[in-house]
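Input: a single structure, listed below in structure tokens.
No hydrogens, no waters, no symmetry mates; every other heavy atom, side chains included, goes into these values.
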Amino acid sequence: MNILLRGGTVVSGVNAKKLDVLISGSKILKVGKFLNTKDAKVVDVSGKLIFPGFIDSHTHFDLEVSDTVTADDFSSGTKAAVCGGTTTVIDFATQNRGETLSQALNNWHIKAFSHSSCDYAFHMAISDFNENSKEELKAMFEQGVSSFKAYMTYDAMKLNDEELFSLLSSLKALGGIVGVHCENDGIIKSLTKDKKENGTLSVLTHPKVRPDLCEAEAVCRLLSIAKAVDVPVVIVHLSSKEGLDVVRKFRESGSKVYVETCPQYLLLDESRYELKGLEGAKYVCSPPLRKKDDCKALWKALKSGEVNTVATDHCSFTLDQKSVGLDDFSKMPNGLPSVETRPVLMYTYGVCKKRISLEQMCRLLCENPAKLYGMYPKKGVIRVGSDADIVVFDPKADSFITKNTHHSRADYTPYEGVRTKGKVESVYLRGKEVVKNGELVLENKGKYVSRNKNTLI
Ligand code: URP
Ligand code: ZN
Ligand code: ZN
């Protein structure tokens, strides 16, 4: 039976209008005023905001890293995602050195298949860029992988400048896009060595060995390489004003650069590392949390449109896993959980605080990631013919974030006790109501999304 969502305010990247939405099967059949109710189950959504399902284009589920594996796999991670209104995640299929890209992609299909509660796609993180991986790029596109990831730090994964140049050149012909983790590895290693020799190994040292200039230098080097090749690139999880200034400089001289940031770089700052023991460990991620001024600069860049997407970089660990690095920060697995909380945080601290508009929130969390990663207009918009991925959001509800009710396997949230405005009331995934009255009612309905090329201008 068709479903008619009646009387809500439908949000897009350009406006927010009172419109009805008619869902037929997995697709949106009609969007308009006073739609006919014949043969449809009518759901009164008056007073609610109707968003396209949110897209989180940066998650790490079931990732082996720092001699451990992330607390969330696709089962728990996608449950958390969909309960927070995210209907599609793009996770990083990660090539271990010695593996082919096809093996890595196959590994991630096995991890995700049949136990994902939201739709999923994969970027391919390339750790071993050799002649064989180069040959395999075309096959990646044929299997719906149109975006790639490179790291400029982390011994097990980093590519050097020559490899980056070669990867970007190979993808230029194919039209793919690369997202890059930008931090200067040499500075991090040298500062870490110094600190270890001086015996300053607590969590407080973590941000000190990864200062903002590490990010700015790596952004500058990446953008120089991309300029030499003449291709657009994505800076993932941009955290600093210094890094942003470099992006501005390159854009002024004609470079095409896309920028992603994350809620932690907008809402949390480095004072968290002063918290003792495991309290401070909760916030160890790379790049690290920055100063309040960096948060402010990033909010302004969201408002001005200089940042294109807000994703989470959800990479979750339990406190027990984090505790491995309590006496030596460099051994601590890096990353934070936030796949469930990003939409409500962006609504509360972005829209309600008037730092961004409702339409901008929709662009940052829905439209832009859908376009940038080749899923638009199937995903990212409420439009005739699009997948019926819909979030019914109650803008009036008051709530707060707590680990006691979240769905991540991490036994903490970096936002414990944070008050929120608005609540995800229900979620439709390709026409099926998977979240009802805030509760997950249908599990494991997620499907693989095969993607095309970037269409974000
Ligand atoms: O600390 C983080 N962000 N861990 C996840 C891996 C990455 O760098 O994106
Ligand atoms: Zn990264
Ligand atoms: Zn990441």
Practice task
Apply side chain to side chain contact (heavy atoms under 4.5 Å, CB included) to N96 and S127, showing your working.
Solution key: CA-CA 6 Å; N96 295 311; S127 310; over 6 Å; no
Straight-line distance of [X] [atom1] to [Y] [atom2], nearest 0.5 Å:
{"X": "L345", "Y": "Y347", "atom1": "CG", "atom2": "OH", "value": "13.5 Å"}
{"X": "L101", "Y": "F148", "atom1": "CG", "atom2": "CZ", "value": "7.5 Å"}
{"X": "C366", "Y": "Y376", "atom1": "SG", "atom2": "OH", "value": "10.5 Å"}
{"X": "F122", "Y": "R451", "atom1": "CZ", "atom2": "CZ", "value": "10.0 Å"}
{"X": "M375", "Y": "S147", "atom1": "CE", "atom2": "OG", "value": "8.5 Å"}
{"X": "C285", "Y": "L268", "atom1": "SG", "atom2": "CG", "value": "8.5 Å"}

In plain terms, say whether [X] and [Y] are close enough for a salt bridge, that is, a side-chain N and a carboxylate O under 4.0 Å apart.
{"X": "D155", "Y": "K189", "value": "yes"}
{"X": "D269", "Y": "R290", "value": "no"}
{"X": "E359", "Y": "R363", "value": "no"}
{"X": "E279", "Y": "K282", "value": "yes"}

Can you confirm whether [X] sits close enough to [Y] that some side-chain heavy atom of one is under 4.5 Å from a side-chain heavy atom of the other?
{"X": "R221", "Y": "M152", "value": "yes"}
{"X": "L159", "Y": "L167", "value": "yes"}
{"X": "L191", "Y": "I187", "value": "yes"}
{"X": "V449", "Y": "K379", "value": "yes"}
{"X": "V257", "Y": "P232", "value": "no"}
{"X": "R355", "Y": "K303", "value": "no"}
{"X": "D328", "Y": "K196", "value": "yes"}

Exercise for the section: Go through the steps to decide whether R430 and D389 satisfy the test salt bridge (charged side-chain N to carboxylate O under 4.0 Å, His left out), and finish with yes or no. Expected result: CA-CA 5 Å; R430 281 175 287 98; D389 295 343; 5.1 Å; no
Handout entry: H237-H181 aromatic ring centre distance below 6.0 Å
Key = yes
Search all heavy atoms of [X] against all heavy atoms of [Y] and return the closest pair with its distance.
{"X": "L266", "Y": "W299", "result": "O-NE1, 3.1 Å"}
{"X": "Q95", "Y": "S133", "result": "NE2-OG, 4.0 Å"}
{"X": "A410", "Y": "S408", "result": "N-OG, 2.9 Å"}
{"X": "P288", "Y": "E183", "result": "CD-OE2, 4.0 Å"}
{"X": "K158", "Y": "R97", "result": "O-NH2, 3.0 Å"}

Is it true that a side-chain atom of [X] and a backbone atom of [Y] form a donor plus acceptor pair closer than 3.5 Å?
{"X": "R251", "Y": "E306", "answer": "yes"}
{"X": "Q321", "Y": "T318", "answer": "yes"}
{"X": "T200", "Y": "K195", "answer": "yes"}
{"X": "S166", "Y": "E163", "answer": "no"}
{"X": "T86", "Y": "V82", "answer": "no"}
{"X": "S116", "Y": "C118", "answer": "no"}
{"X": "Q360", "Y": "S357", "answer": "yes"}
{"X": "T312", "Y": "H58", "answer": "yes"}
{"X": "T78", "Y": "A81", "answer": "no"}
{"X": "E215", "Y": "S239", "answer": "yes"}

Side-chain donor-acceptor pair present, [X], [Y], cut-off under 3.5 Å:
{"X": "Q143", "Y": "S450", "result": "no"}
{"X": "H314", "Y": "D56", "result": "no"}
{"X": "R210", "Y": "S286", "result": "yes"}

Exercise for the section: Using the six-membered ring wherever Trp is involved, compare the ring planes of Y448 and Y120 and label them parallel, tilted or perpendicular (cut-offs 30° and 60°). Expected result: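 Correct class here is tilted.
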Exercise for the section: Apply the test side chain to side chain contact (heavy atoms under 4.5 Å, CB included) to residues S76 and F61: give CA-CA distance (whole Å), side-chain angles for both, the deciding distance (0.1 Å), then the verdict. Expected result: CA-CA 9 Å; S76 60; F61 297 148; over 6 Å; no
Exercise for the section: Before giving the answer on side chain to side chain contact (heavy atoms under 4.5 Å, CB included), spell out for H60 and D313 the whole-Å C-alpha distance, their side-chain angles and the decisive distance to 0.1 Å. Expected result: CA-CA 7 Å; H60 300 278; D313 195 10; 3.0 Å; yes
Only counting residues at least two apart or in another chain, list the ones meeting salt bridge (charged side-chain N to carboxylate O under 4.0 Å, His left out) with [X].
{"X": "K423", "answer": "none"}
{"X": "E367", "answer": "K371"}
{"X": "E136", "answer": "none"}
{"X": "K138", "answer": "E142"}

Residue among [options] satisfying side chain to side chain contact (heavy atoms under 4.5 Å, CB included) with [X]:
{"X": "V284", "options": "L336, L289, V203", "answer": "V203"}
{"X": "D212", "options": "K241, E242, K291, E217", "answer": "E242"}
{"X": "L456", "options": "I177, V234, N308", "answer": "N308"}

Problem - From CA spacing to verdict: ring-ring contact (aromatic ring centres under 6.0 Å, His included), Y283, H206 - result: CA-CA 10 Å; Y283 304 94; H206 171 71; over 10 Å; no
Practice task
Check whether NZ of the Lys or CZ of the Arg K149 lies under 6.0 Å from the centre of the six-membered ring of F92 and within 45 degrees of that ring's axis.
Solution key: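 Yes, K149 sits over the ring of F92.
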Handout entry: Axial cation check for W108 ring with K111, 6.0 Å and 45° limits
Key = yes
Fill in the blank from the handout: So salt bridge (Lys or Arg N to Asp or Glu O under 4.0 Å) across residues 336-345, not counting sequence neighbours, yields none
Practice task
Sort and list the pairs that fulfil salt bridge (Lys or Arg N to Asp or Glu O under 4.0 Å) and have at least one residue in residues 69-88, not counting sequence neighbours.
Solution key: D73-R409, K79-E443
Handout entry: Derivation of the side chain to side chain contact (heavy atoms under 4.5 Å, CB included) call for Q264 and S338
Key = CA-CA 9 Å; Q264 56 270 32; S338 68; 4.2 Å; yes
